[in-house]
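Working notes, beginning with the structure itself.
Predicted model only: the values in this text are computed from it and were never measured. Throughout, a chain's letter reflects where its sequence line sits, starting with A, and its residues are numbered from 1.
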Amino acid sequence: MSKSDNRRPDFHSTFLQRWRYFWMKNVGDTGVLGFILRWGVLLLFALYFLVPILWLVLATSKNAPQLLELKPLAFGSFERIWEAWHRIIAYQNGEVLLWFSNSVKYAIWALVLSLAASIPAGYILAVARFPGRHLVLWLTLITMLLPPSALVLPMFMELNLFHLVNTQWAVILPSAFFPFGTYLTYIYYASSLPPELLDAARVDGCSEAELFWYIALPLASPLLGLLAFINFTTNWNNFFGPYVLLNNNKLFNLPVGIQQFVTATSALRPGFNPSPGIMVGYQQAEAALFGLIMVVPVAIVFLIAQRYVIGGAFTGSVKG
Amino acid sequence: MTNQTVSPPLLPWENKPLTKGFSRWRRHLPAYLFVFPYVLVMLAFGLGPGLYALLISFADFSTGVPIYFAAGFKNYLAVFNDFRFSFTLGNITEFLVISVPLGIAMVVVLAILLQMRPGRLTTALRTLYFISGAVTGPVLVLVAIFMLDPSISPFQALLKGMGFELLNDVIYSDTLPVLFTLLGFFSGAGLWIAIQYGALEAIPKELLEAATIDGCNAWQKVLHIKIPLIRPYIIYQFILIFAGNVQLFVEPQILGGGNNLGVGGNVPMVWSPNQLAYNFAFEMGNFGAASALSLMLLVVGLGAAYLIIRWTGFFNIKT
């Protein structure tokens, strides 16, 4: 096969050349069976990931009978969405809005505190030698393996000592610890920040703080985007900590709030006789809309941070 | 996230001759200032609670206030002797055996299939897989209840074809490990697919070209080049997934928590060991036993990590 057969087809290409180009581009050395298998698996999983989200969006437009009668992926009406919105807003005198603002507040505090602590630490662990450096690295690796839920009971007792349980700080302060961020920053700088760059700046009279602020930090912008996204998502979805450490409704974040909503109302079983103490009048659409209120901000942040999150920033290469 | 680390060069303030005591410490002052806030939060919210958990696992809580070192191993025995201990242990073992290998295998397969021949459609699919990561915790359980209810689910044809008519037919003790696996994969796979994709992208192109010239087809390249080269990332995923899954809490807690979810009777109040720990602490007031159980879970997670690190030679820090 001559090289020209692989060219991108243009106006003069024959049908055979176009077909050959299409074949090389899409099938190539995977084989026909491989091509079918590959797209079969990829599209099957696309359904697995897409359908529940699509359903969640459409469910907000249907009332309880419509959910049973209409096709699962049919659209109800816009009025129903509007109604669900009003019922959610009216739930316990607008507590949902309070929970939303709590969630935003907790997530932003956590983001600022954890990045402020993690990034300088990860940077200096990568560029300097000092006694105790090894220890900090190993402890970071070890604590990274401990999911927060293992520590939540002692954390409860610790925060209790300082009378911080059932305050906003019980959620914010523990989330300042972000070992994953420190470790990723360390790997990033260790593998991709040329030492000559820092030496050159030192010769020019930069202080250590200026080196970090003017050279290292701007070079790490893809990393910052990635870390900010992971950190925001983690804290936005933080359930276990607030669930254990807060018992005042006014301090809940959205995940704890939604748990309270679905267990305290008839939202998931509108047709059944409610147990005593269950609030009636709520349907699945309200629960679905509540879920969407939680999902949408993450999706927005994801779209903003997308090119860092899935752009291969994990491989950590600084060009420059 | 590579498994090799580079030893940094000496900085100017490190080249001065070694002196003892205060001046030696002052030489490293900038470094300590950089690392200080992090070490502080690590002590306060990572190591500190961990060590405190160790302390209270040996404390006696029978009077309501902790009497340290009074309990000996009594709390650990209380955990072992609890009638729910072996039940939750069996549950979590079954869940781990299903979720860890299956989750990792599917993530690696999807990442490889996506990265094999990148195009506009694969980029869109990658975003799609990732975006479902926004659905976690209580919303994930909510969505799961909707998806598994044969009367309203978009997968109702599939569910009814398998002989399920009611939500209670789908969600019961035998299906829980599989269901939690499906849930975890739905919300967690995207991030790991992105990580493995990044790892695959980092494989040198020359290597793959050389293999092509030698007559390798796409599948042989996957089997003999790509998978061996992303092994460190697969191990890294194994460690974090295992440690995370041992701690399963939110999903069974919400499913078992309320009768008005329509599944209350079929999901026991305490299904996973982490729920048992929570139950010890906040229902029975025995913080000692709760800590003892939490630490046991921790040891399981760390033990698995240690074994796999030793076995595979991962984390060889050459500094």
When the 4.5 angstrom heavy-atom criterion is applied to A/Phe212 and chain B, the contacting part is side chain
Note: vs chain B, highest number of non-hydrogen pairs under 4.5 angstrom among A/Leu58, A/Val296, A/Leu139, A/Val41 is A/Leu139
Turns out that what part of B/Ile152 lies under 4.5 Å from chain A's heavy atoms comes down to both
Most heavy-atom pairs under 4.5 Å with chain B, out of A/Phe239, A/Phe177, A/Trp236, belong to A/Phe177
For B/Pro138 and A/Ile258, the nearest pair of non-hydrogen atoms, with its separation, is CB-CG2, 3.2 Å
The interface call for A/Gln284 against chain B, heavy-atom contacts under 4.5 Å, is both
Nearest heavy-atom contact between B/Tyr38 and A/Ala117 is CB-O, 3.3 Å
From the list A/Ala59, A/Gly291, A/Ser207, A/Gly31, the residue making the most non-hydrogen contacts under 4.5 Å with chain B is A/Gly291
Shortest non-hydrogen pair, B/Ser153 vs A/Pro72, comes out as O-CG, 3.4 Å
How far apart are the C-alpha atoms of A/Leu67 and B/Phe146, what are their side-chain angles, what is the distance that settles it, and do they pass the side chain to side chain contact (heavy atoms under 4.5 Å, CB included) test?
CA-CA 10 Å; A/Leu67 270 179; B/Phe146 288 140; 5.6 Å; no
key: B/Leu125 vs A/Phe49 side-chain heavy atoms within contact, under 4.5 Å   = no
Distance col, row B/Gln253:CD vs A/Gln259:CD, nearest 0.5 angstrom, shows 7.5 Å
When every non-hydrogen atom of A/Asn237 is compared with those of B/Ala134, the smallest separation belongs to OD1-O, 4.2 Å
The interface call for B/Phe185 against chain A, heavy-atom contacts under 4.5 Å, is both
Ranked by heavy-atom pairs below 4.5 Å to chain A, first place among B/Val246, B/Leu142, B/Val143 goes to B/Leu142
Turns out that what part of B/Met42 lies under 4.5 Å from chain A's heavy atoms comes down to both
Would you check if A/Trp39 and B/Leu121 make a side-chain contact, meaning some heavy-atom pair closer than 4.5 Å?
yes
d(B/Ile131 CD1, A/Leu50 CG) to nearest 0.5 Å is 11.0 Å
Next on the checklist: Contact between A/Phe178 and B/Phe45 at the side-chain level, heavy atoms closer than 4.5 Å - yes or no?
Outcome noted: no
Check: Is the backbone N or O of A/Thr30 less than 3.5 Å from a side-chain atom of B/Trp219, with the two atoms forming a donor-acceptor pair by type?
Finding: yes
Under 4.5 Å to a heavy atom of chain A? For B/Ala281 that would be side chain
Assert top hit (heavy-atom pairs under 4.5 Å, partner chain B, pool A/Leu37, A/Val295, A/Asn238, A/Val301) equals A/Val295
When the 4.5 angstrom heavy-atom criterion is applied to A/Phe45 and chain B, the contacting part is both
dist A/Lys71:NZ -> B/Gln156:CD (nearest 0.5 Å) comes out at 9.5 Å
Turns out that what part of B/Gln220 lies under 4.5 Å from chain A's heavy atoms comes down to neither
Bottom line for B/Ala144: the part with an atom under 4.5 Å from chain A's heavy atoms is neither
When the 4.5 angstrom heavy-atom criterion is applied to A/Pro179 and chain B, the contacting part is both
Aromatic ring proximity, centroids under 6.0 angstrom, B/Phe249 and A/Phe240:
yes
- Is the distance between the ring centroids of B/Phe130 and A/Phe229 under 6.0 Å? yes
Worksheet entry | Polar contact flag, side-chain donor to acceptor under 3.5 angstrom, B/Ser132-A/Tyr48 | no
Q) With a 4.5 Å limit on heavy-atom distance, are the side chains of B/Tyr129 and A/Leu42 in contact? A) yes
Legend entry - CA sep, side-chain torsions, deciding dist, call: B/Phe186, A/Ile53, side chain to side chain contact (heavy atoms under 4.5 Å, CB included): CA-CA 11 Å; B/Phe186 178 78; A/Ile53 293 176; 4.1 Å; yes
Turns out that what part of B/Leu113 lies under 4.5 Å from chain A's heavy atoms comes down to both
So, the part of B/Leu114 with a heavy atom under 4.5 Å from chain A: the answer is both
Check: Quick check, are the ring centers of B/Phe282 and A/Phe156 under 6.0 angstrom apart?
Finding: yes
To the nearest 0.5 Å, atom OH of B/Tyr52 lies from atom CD of A/Glu158 at 8.5 Å
Max heavy-atom pairs within cutoff under 4.5 Å with chain B, candidates A/Val136, A/Leu254, A/Leu54, goes to A/Val136
For A/Ala121 and B/Val35 the tightest heavy-atom approach is CB-CG2, 3.9 Å
Checklist line | Whether A/Arg38 side chain and B/Arg117 backbone form a donor-acceptor pair below 3.5 Å | finding: yes
Heavy-atom nearest pair, A/Glu208 first then B/Phe34, reads O-CZ, 3.9 Å
If one checks every heavy atom of A/Leu173 against chain B at 4.5 Å, the contacting part turns out to be both
The interface call for B/Ile112 against chain A, heavy-atom contacts under 4.5 Å, is neither
Report task. Return the orientation label for the B/Tyr278 and A/Tyr243 ring planes: parallel under 30°, perpendicular over 60°, tilted otherwise. Result -> parallel
